[in-house]
Novice: 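First the structure, then my questions, so here it is.
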Amino acid sequence: MFDKIEELLQEVSSFNGTGKDETEQFRLKFNGKKGILNDLFDQFKQVPNEQKKEYGQRINTLKQAVAEKLEALKSASETEGTVAKEDLSRPGFPLEAGTTHPITLVKNKINEIFRSIGFEVAEGPEIEDDWHNFSALNMPEYHPARDMQDTFFIEQNPDVLLRTHTSTVQIRHMEKNEPPIRILAPGRVFRNEAISSRSHCIFHQIEGLYIDENVSFADLKQTIQFFTTELFGKSKIRMRPSYFPFTEPSAEVDVYWGLNSETDYRITKGTGWLEIMGCGMVDPAVLKNVNIDPDKYSGYAFGMGIERIVMLLYQIGDIRMFFENDKRMLDQFRMV
Ligand code: DAH
């Protein structure tokens with residue numbers, strides 16, 4: 001009796017009928033009113049009591065196998081049907097090409113400009129320690145300048161933080177390399193600032209650093225002028241005295257945008273000048289922190305926010321637009 005069920009099980013699993021008729025025959029043979037399964041269930045009464053349990057289990061296995069086989073045959077015939085109906089000459093669905101995000105676009109352009117005068121791109125981690133983000137940059141603990149950059153700390157550990165600026169990469173690079181050093185470090189930075197149309201918690205900066213013998217403020221000015229000419233087509237710049245802990249002297253750079261349109265008036269607040277970056281001569285204390293001899297070497301550094309520059313170049317009024325991923329906004333950069 002059990003051998004018979006075993007045989008039937010084999011038959012079910014090896015059944016491979018393709019045609020509809022064959023499948024229907026198979027269904028009737030096992031599942032029909034007068035089919036094998038009903039027959040086997042009817043015989044249950046005659047099975048000796050001690051074998052009832054095993055008998056029950058076996059016919060249930062068989063029933064399950066039949067159901068699965070029928071299901072498999074059914075879905076196979078369905079897909080066959082669709083393939084047959086498909087019109088292979090139909091054109092495919094159009095695949096939309098992505099666009100380069102304006103921030104990436106401008107970042108690449110800036111990289112290119114500096115690469116053409118010998119700068120190489122350097123990178124550093126976004127999760128930083130106190131030394132690279134603050135102390136080595138001449139901002140010891142309790143230095144008031146730390147307050148200028150509201151910091152995200154990780155897990156209440158004051159030594160693990162999200163970098164607030166890309167100046168960290170200056171330190172990391174100088175720790176591992178000897179002058180002459182000429183690097184550009186683009187990257188994401190993080191500040192715990194209220195989100196408004198002018199500020200955002202995550203943004204992008206590009207840092208530049210040049211260390212060699214006899215580097216002067218005149219070199220800095222020439223380099224920045226070359227940069228503004230290449231990027232904006234504007235060569236008139238001015239440097240206003242400023243303060244950063246890691247540079248001495250420090251300056252802020254304005255580019256003369258002009259007053260040719262209403263927009264120019266609005267974005268320059270009627271002055272014609274626009275601030276684009278901070279810069280200065282690397283403070284000797286910073287060089288000492290990374291074991292570079294300040295009596296032998298000097299250098300300059302600069303840092304700028306990429307969003308601000310993109311906003312200027314493409315007349316984008318609200319920084320939040322960069323992060324909203326609205327296709328209508330991003331698509332406009334398709335042709336650039
Ligand atoms: N790290 C400064 C900031 O985030 C920007 C900056 C200013 C970088 C002057 C520099 C520099 O390298 O020389 O506000």
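For ligands, and for the atoms within them, numbers begin at 1 and follow the listed sequence.
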Novice: Do Leu274 and Tyr256 sit in the same hydrophobic cluster, where Ile, Leu, Val, Met, Phe, Trp and Tyr count as joined when their side-chain heavy atoms come under 4.5 Å apart?
Specialist: no

Novice: Quick check: do Glu7 and Gln10 have side-chain heavy atoms less than 4.5 Å from each other?
Specialist: no

Novice: Between Glu112 and Arg115, is the closest basic N to carboxylate O distance under 4.0 Å?
Specialist: no

Novice: State whether Arg58 and Glu6 are salt-bridged, where the test is any N-O pair (Lys NZ or Arg NE/NH1/NH2 against Asp/Glu carboxylate O) under 4.0 Å.
Specialist: yes

Novice: For ligand 1, would you mind listing the residues that have at least one heavy atom less than 4.0 Å away, ordered by chain and number?
Specialist: Gln149, His165, Ser167, Gln170, Arg191, Gln205, Glu207, Phe244, Phe246, Thr247, Gly278, Cys279, Gly280, Ala301, Phe302, Gly303

Novice: Give a yes or no on whether the backbone of Asn133 and the side-chain of His165 come within a donor-acceptor separation of less than 3.5 Å.
Specialist: yes

Novice: Between Arg172 and Glu128, is there a side-chain N and carboxylate O pair less than 4.0 Å apart?
Specialist: yes

